Amino acid sequence: MSFTDRTALVTGGSRGIGRAICLELARQGCNIALCYAGNQQAAQETVAACQSLGVKAVAYRCDVSSNEEVKHMTAEALKEFGAIHILINNAGITRDGLLLTMKEEDFTSVLDTNLKGAFLCMSALSRSMIRQRYGRIINLSSVVGLHGNAGQCNYAASKAGILGLTKSAAKELASRNITVNAVAPGFIDTDMTAALPEHTRTSMLTTIPANRLGQAEEVAKAVAFLASDHSAYITGQVLAVDGGMSM
Ligand code: NAP
């Protein structure tokens with residue numbers, strides 16, 4: 001796969017799966033615009049790692065749940081890179097809790113970041129993608145969006161919402177040579193899952209046929225395929241990268 005002369009915008013590219021996606025695309029010659037919420041040091045480390053692979057890379061501080069910030073960031077990135085060909089909506093958070101006790105703000109903040117954030121970025125970049133008659137949009141969902149998970153009503157709703165958003169946008173944009181797909185990771189070894197209590201991690205392992213956590217790089221390879229020209233006739237699909245968890 002080659003991404004020479006292409007630019008990808010990766011939300012939440014500072015750490016975890018987002019960083020692995022930036023590095024995988026950069027390794028294949030893709031220029032990288034990434035955004036992050038607040039961890040500037042991690043963002044700069046990703047930028048430096050991409051640049052050392054010979055591509056242009058810039059980090060933007062941007063809260064994807066803010067329409068104003070997303071509009072500003074995408075305008076800056078379009079000015080800097082000339083065009084954005086690939087959009088990866090990866091930024092995500094968890095605020096776990098049981099339905100009975102979940103606070104309204106924990107529901108809203110997860111939906112705002114995980115689902116509205118993806119909508120805002122797609123909305124901000126779809127016009128330029130239509131104009132250039134080319135686009136690849138990949139949204140990060142989760143096995144939890146496919147099957148639900150006790151203690152994650154907010155997160156599961158956001159990740160199930162991503163699937164409806166993906167399929168609807170895929171139908172709207174297919175005739176403009178823009179594909180929109182989702183990747184649904186299982187249990188991947190990142191800061192997000194490191195925050196889980198040990199007993200939860202141990203019991204999660206028993207639900208994975210492959211009997212191990214996935215690596216961020218394994219998700220990044222699937223994303224890179226959907227971002228490439230090899231997937232030109234694939235749109236509106238959900239690719240699970242989960243060691244068999246969702247079978
Ligand atoms: P992570 O390690 O916690 O990293 C989250 C990333 O999102 C960071 O770059 C963070 O920026 C950024 N971010 C958070 N809120 C943001 C906001 N409001 N605006 C902009 N950026 C924001 O997460 P991860 O495990 O790599 O997960 C990445 C994606 O995969 C998420 O959508 C997650 O739901 C999904 N996923 C993960 C797993 C898993 O097992 N890890 C499984 C299924 C799906 P800062 O560095 O500045 O904080």
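All values reported here derive from a predicted model rather than from experimental measurement. One-based numbering, in listed order, for ligands and for the atoms of each.
- Contact atoms of ligand 1 toward Asp63: 17 (C), 18 (N), 19 (N) (distance under 4.0 Å to a heavy atom of the residue).
- In this structure, Gln237 contributes its side chain and Thr235 its backbone to a donor-acceptor pair below 3.5 Å.
- Atoms of ligand 1 found under 4.0 Å from any heavy atom of Ser14, numbered from 1 in the order shown, are 8 (C), 9 (O), 11 (O), 45 (P), 46 (O), 47 (O).
- Here the heavy atom of the protein found nearest to atom 30 (O) of ligand 1 is Ile17 CD1, 3.6 Å.
- At a 4.0 Å heavy-atom cut-off, ligand 1 touches Ala37 through backbone and side chain alike.
- Only the side chain of Thr193 comes within 4.0 Å of ligand 1, judged by heavy-atom distances.
- Closest heavy-atom approach to atom 32 (O) of ligand 1 among the candidates Asn139, Thr94, Asn90, Asp112: Asn90.
- Neither the backbone nor the side chain of Gln40 has a heavy atom within less than 4.0 Å of ligand 1.
- From Ser52, atom OG reaches atom CG of Leu23 across 8.0 Å, with rounding to the nearest 0.5 Å.
- In the candidate list Gly145, Cys62, Gly38, Ala194, Cys62 is nearest to atom 20 (C) of ligand 1, counting heavy atoms.
- Around atom 12 (C) of ligand 1, the closest heavy atom drawn from Gly12, Ser65, Ser142 belongs to Gly12.
- Within the 4.0 Å heavy-atom criterion, the part of Ser141 lying near ligand 1 is the backbone and not the side chain.
- Among protein heavy atoms, the minimum distance from atom 36 (N) of ligand 1 is reached at Tyr155 OH, 3.5 Å.
- If you check the side chains of Thr166 and Asn139, you find a donor sitting under 3.5 Å from an acceptor.
- Looking at Ile188 against ligand 1, both its backbone and its side chain come within 4.0 Å, counting heavy atoms.
- Taking each of Met245, Glu69, Arg15, Lys116 in turn, the one with a heavy atom nearest to atom 2 (O) of ligand 1 proves to be Arg15.
- In this structure, the side chain of Thr11 engages the main chain of Ala91 through a donor-acceptor pair within 3.5 Å.
- Within the 4.0 Å heavy-atom shell around ligand 1 one finds Lys159.
- In this structure, the side chain of Ser231 engages the main chain of Leu226 through a donor-acceptor pair within 3.5 Å.
- Ligand 1 does not have Thr11 within reach: every non-hydrogen atom of the residue lies 4.0 Å or more from it.
- Under 4.0 angstrom from ligand 1, the non-hydrogen atoms of Thr113 all belong to its side chain.
- Contacts between Ala184 and ligand 1 below 4.0 angstrom, taking non-hydrogen atoms only, are absent altogether.
- For ligand 1, the atoms sitting less than 4.0 Å from at least one non-hydrogen atom of Ile93 are 14 (C), 15 (N), numbered in the order shown with element in parentheses.
- Nearest to atom 41 (N) of ligand 1 by heavy atom, out of Thr190, Val143, Asp242, is Thr190.
- Ligand-side atoms of ligand 1 in range of Phe187: 40 (O), range being under 4.0 angstrom from any heavy atom.
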